[in-house]
Amino acid sequence: MTDESTVKKNFLTEEIEADFASGRYTGKILTRFPPEPNGYLHIGHAKAICIDFGLAQQYGGGTNLRMDDTNPSKEEQEYIDAIQDDIHWLGFKWANLLYASDYFQQLYDWAVALIKADLAYVDDQTPDQMRANRGTLTEPGTNSPFRDRTVEENLDLFERMKNGEFPDGTRVLRAKIDMANPNLVMRDPTMYRIMHAHHPRTGDKWCIYPMYDYAHGQSDWLEGITHSLCSLEFKNNRELYEWFIDRIAEVCGHPEGVPHKTRQIEFARGNISYMITSKRKLLKLITDGVVAGWDDPRMPTIRGMRRRGFTPGSIKRFWEEAGVAKRENLLEFAKLESFLRDELNKVAQRRMAVIDPIKVIITNYPEGQVEMMTVVNNPEDESAGTRQVPFSRELYIERDDYMPNANRKFFRLTEGREVRLRSGYWIKCVEAIKDADDNVIELHCTYDPLTKGGSNPPADEEGKVRKVKGTLHWVSAEHAIDAEVRLYEHLFTKPKAEDGELMDNINPDSLKTVTGKIEPSLADFNAGDPIQFERLGYFTPDTTSTPEKLVFNRTVTLKDSWAKQQSK
RNA sequence: UGGCCUGUAGUUCAAUUGGCGGAACGUCUGAUUCUGAUUCAGAAGGUUGAAGGUUCAAGUCCUUCCAGGCCAGCCA
């Protein structure tokens with residue numbers, strides 16, 4: 001079937017392999033990814049995508065992308081387009097692009113056949129009455145007073161529903177199953193509701209629309225899907241999923257005589273600490289102005305993460321390594337970051353950028369002199385080559401890289417201590433200049449001309465070589481350009497973002513915008529290009545960045561054991 | 001007081017289907033390092049939710065209990 005050593009095993013692969021081993025399916029695996037186009041795809045959808053597309057790929061089959069467009073009151077073309085774009089960006093290709101609305105006529109014909117078989121009826125109850133008569137978790141429901149209408153009357157009413165004779169919400173078509181079933185989903189579920197809404201695909205052709213339960217299983221069946229993999233919350237619906245397919249098979253048969261019935265298997269959705277994946281709540285973050293939109297780099301949407309600088313590879317690897325099971329889970333965001341850094345480390349070009357600048361004046365360096373320093377672009381990838389970076393008398397370094405009266409554990413600059421400027425020179429701090437309010441505004445240092453390029457100085461008469469513990473990044477003040485740098489942190493303050501009131505858990509510091517001094521060559525990158533600001537983290541130009549006004553998003557910080565030690 | 005599902009290191013998953021409980025991420029050491037990064041080496045971390053039972057042998061099978069999740073939309 002496939003090279004099984006490449007397939008990470010889980011209960012889904014076990015079931016799939018058993019289904020082919022037992023002869024239930026003889027052809028190739030065919031899965032489907034059925035997003036509802038009522039919002040943008042997020043990291044949770046990415047899990048489903050990795051499973052639906054990834055598994056089919058591993059077993060040599062295909063995946064249909066099917067827009068689940070059964071509710072035109074919430075769905076829009078904008079989302080239909082964005083979903084396709086996001087899936088492509090993740091690197092997956094679908095076998096067929098389909099729409100649940102492709103089957104509206106077939107579904108309608110089947111509904112008529114089910115009415116004729118006395119398996120469906122038109123109910124005139126109000127939503128409130130239906131709810132009251134559904135019973136509760138512990139009590140059975142009661143039959144609708146309209147349940148025993150004649151087939152003729154049902155046929156007539158349903159056709160008139162379709163013809164638009166009744167206002168929204170006045171009638172529904174229901175399956176006639178069992179109002180006492182312990183599974184509430186089976187208590188005469190609604191198949192069609194009246195909705196005079198314009199549909200992005202079918203326009204105004206229909207004013208009745210099928211419910212998810214009446215559309216999904218049959219769509220799978222029509223397409224010959226072998227495995228319909230979905231999240232756990234649909235477990236209860238599986239009984240109904242199969243009921244519709246079985247009844248239709250009995251009453252009508254499959255239009256193309258497809259022999260097999262689709263197998264629905266449910267898995268647990270993946271939750272990630274400090275993130276949420278509820279479309280409703282994501283939308284609220286936007287409408288409340290907490291974030292700027294669906295593609296805000298703090299959003300867990302594919303678009304937001306893409307803009308932030310995440311790579312498709314890291315997202316896919318994250319879900320592969322996470323595995324699939326049926327228990328509630330909360331994956332650590334740190335795990336995602338780990339795979340992100342792992343990939344970025346290999347591909348990101350290194351540059352120097354100072355995001356909290358303090359000026360350094362090298363008092364013994366000739367005024368007006370500029371030297372070009374050769375700097376390696378990516379030590380992990382020799383083919384990335386080198387670049388020339390200007391060095392001069394006045395530089396900027398990171399404010400954090402100086403500390404007055406620092407002890408020996410601080411490897412950076414303090415009075416009397418020497419450090420290396422990466423690929424520059426070794427410098428020694430002589431004096432910190434303060435303003436009237438005692439704030440350090442400038443550091444006066446001296447440099448050692450024998451350390452050009454950052455290299456070690458020659459040994460002294462006794463054969464000893466001076467050493468430095470710290471290496472700092474820097475930019476030449478005269479040559480540096482300004483850039484807006486956006487520093488992101490978790491959007492929420494709690495790992496379980498929804499613990500308590502979501503809006504009380506918003507991290508006020510999720511976005512900090514600073515003006516940095518950056519290497520001139522940083523103007524040459526495009527949105528999405530992975531860059532490492534040395535010693536700070538991975539960054540990428542924002543989609544709004546222009547040559548006149550450069551804007552960078554921090555994708556993720558570098559690991560920082562010094563900061564961790566300090567915070568203890 | 002309904003039906004269904006799930007409980008294995010801090011987290012997410014494995015455990016050849018009844019045969020010595022592992023990995024990844026995280027944590028902590030140490031080495032290396034022109035990024036306090038990377039890389040490398042190592043360590044700690046488990047009453048397998050609990051109690052009984054079957055068996056030579058139980059994470060795995062049986063019983064009971066406990067905890068958590070999903071379901072009462074004309075949403076998906």
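Hydrogens, waters and symmetry mates are skipped; everything else that's a heavy atom, side chains included, is used. Numbers restart at 1 for each chain; the letters A, B, ... are given by sequence-line order, proteins then strands.
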Just the rounded figure in Å: distance from [atom2] of [N] to [atom1] of [X].
X	N	atom1	atom2	result
A:N181	B:C4	CG	P	11 Å
A:E17	B:U16	CD	C1'	13 Å
A:K9	B:A14	NZ	C1'	12 Å
A:K47	B:C13	NZ	P	6 Å
A:R422	B:U38	CZ	P	14 Å
A:Q264	B:C5	CD	C1'	14 Å
A:R327	B:A67	CZ	P	20 Å
A:D499	B:G68	CG	P	14 Å

Can you name the ring-ring contact (aromatic ring centres under 6.0 Å, His included) partners of A:W319, sequence neighbours left out?
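Testing A:W319 for ring-ring contact (aromatic ring centres under 6.0 Å, His included), a comparison that skips the adjacent residues, returns none.
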Residues which pass ring-ring contact (aromatic ring centres under 6.0 Å, His included) with A:W474, listed by chain and number, not counting sequence neighbours:
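Counting only residues at least two positions away or on another chain, A:W474 forms a ring-ring contact (aromatic ring centres under 6.0 Å, His included) with A:F391.
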Separation between the [atom1] atoms of [N] and [M], rounded to whole Å:
N	M	atom1	result
B:G22	B:G46	P	14 Å
B:A14	B:U8	P	11 Å
B:C61	B:G68	P	24 Å
B:U47	B:G59	P	13 Å
B:A58	B:G19	C1'	10 Å
B:G52	B:C40	C1'	50 Å
B:U16	B:G7	P	15 Å
B:A9	B:A24	C1'	12 Å

Got a salt bridge between [X] and [Y], using NZ or NE/NH1/NH2 to carboxylate O under 4.0 Å?
X	Y	value
A:K467	A:E418	no
A:R535	A:E398	no
A:D123	A:R149	no
A:R193	A:D168	no

Using a cut-off of 4.0 Å on non-hydrogen atoms, how would the nucleic acid contact of [X] be classed: base, sugar-phosphate, or nothing?
X	result
A:V324	sugar-phosphate
A:P379	base
A:F533	nothing
A:L330	sugar-phosphate
A:E266	nothing

Sequence neighbours excluded - salt bridge (charged side-chain N to carboxylate O under 4.0 Å, His left out) pairs with any residue from residues 69-79 of chain A
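Found none.
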How would you list all residue pairs meeting salt bridge (charged side-chain N to carboxylate O under 4.0 Å, His left out) that involve residues 555-564 of chain A, not counting sequence neighbours?
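Found none.
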Measure from the ring center of A:F244 to the ring center of A:W110 and say whether it is less than 6.0 Å.
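No, too far apart.
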Using a 3.5 Å limit for the pairing distances, which stems of at least 3 consecutive Watson-Crick or G-U wobble pairs does RNA chain B take part in?
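The stems are B:2-7 with B:66-71, B:10-13 with B:22-25, B:27-31 with B:39-43, B:49-53 with B:61-65.
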Nucleotide N/O of nucleotides 40-45 of chain B paired with protein N/O under 3.5 Å:
none

For B:G21, does the O4'-C1'-N9-C4 (purine) or O4'-C1'-N1-C2 (pyrimidine) torsion place it in syn, i.e. within 90° of 0, or in anti?
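With its glycosidic angle more than 90° from zero, B:G21 counts as anti.
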Would you mind calling B:U17 syn or anti? Take O4'-C1'-N9-C4 for purines or O4'-C1'-N1-C2 for pyrimidines, and syn is within 90° of 0.
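Base orientation: syn.
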Nucleotide by nucleotide, nucleotides 70-76 of chain B touches protein heavy atoms under 4.0 Å in the pattern (B base, S sugar-phosphate only, - none) BBBSBSB
Where along nucleotides 25-30 of chain B does protein come under 4.0 Å, by heavy atom, of base (B) or sugar-phosphate alone (S), with - for untouched nucleotides?
BSSS--
A:H45 and A:H42 aromatic ring geometry - parallel, tilted or perpendicular at 30°/60° bounds
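Aromatic pair A:H42/A:H45 classed tilted.
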Quick one: which residue pairs count as a ring pair (Phe, Tyr, Trp, His ring centres under 6.0 Å) with a foot in residues 164-199 of chain A, not counting sequence neighbours?
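Of all non-adjacent pairs touching residues 164-199 of chain A, those that pass ring pair (Phe, Tyr, Trp, His ring centres under 6.0 Å) are A:F104-A:H199, A:F158-A:Y192, A:Y192-A:Y214, A:H199-A:Y209.
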I'd like to know if A:R350 reaches the base of B:U35 with its side chain such that a donor and an acceptor end up less than 3.5 angstrom apart.
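It does, because a donor-acceptor pair links the side chain of A:R350 to the base of B:U35 below 3.5 Å.
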For the base of B:U12, is there a side-chain donor-acceptor partner from A:E321 under 3.5 Å away?
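Per atom types, no contact qualifies.
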Closest approach of A:I276 to A:P300 (non-hydrogen atoms, all atoms of both residues):
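Minimum heavy-atom separation between A:I276 and A:P300: O-CG, 3.1 Å.
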Donor-acceptor contacts under 3.5 Å from residues 177-188 of chain A side chains, at least two apart:
unit_1	atom_1	unit_2	atom_2	d
A:D178	OD1	A:A180	N	2.8
A:D178	OD2	A:N181	N	3.4
A:N181	OD1	A:N183	N	2.8
A:N183	OD1	A:V185	N	3.1
A:N183	ND2	A:N236	O	3.0
A:N183	ND2	A:E239	OE1	2.9
A:R187	NE	A:R134	O	2.9
A:R187	NE	A:M179	O	3.4
A:R187	NH1	A:N181	O	2.6
A:R187	NH2	A:R134	O	3.0
A:R187	NH2	A:T136	O	2.8
A:R187	NH2	A:E139	O	2.7
A:D188	OD1	A:R147	NH2	3.1
A:D188	OD1	A:I177	N	2.7
A:D188	OD1	A:D178	N	3.2
A:D188	OD2	A:Y121	OH	2.6
A:D188	OD2	A:R147	NE	2.7
A:D188	OD2	A:R147	NH2	3.3

With sequence neighbours excluded, tell me which residues meet side chain to side chain contact (heavy atoms under 4.5 Å, CB included) with A:A480.
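By the side chain to side chain contact (heavy atoms under 4.5 Å, CB included) rule, A:A480 matches A:V475, A:K517.
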Output all residues satisfying side chain to side chain contact (heavy atoms under 4.5 Å, CB included) with A:E382, sequence neighbours left out; order by chain, then residue number.
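Checked A:E382 against side chain to side chain contact (heavy atoms under 4.5 Å, CB included); zero matches.
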Would A:S383 and A:D381 count as having a side-chain donor-acceptor pair, cut-off 3.5 Å?
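A donor-acceptor contact under 3.5 Å links the two side chains.
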Where each residue is assigned the nucleotide of RNA chain B containing its nearest heavy atom, which of A:R412 and A:K235 is assigned the position nearer the 5′ end?
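Its nearest nucleotide being more 5', the pick is A:K235.
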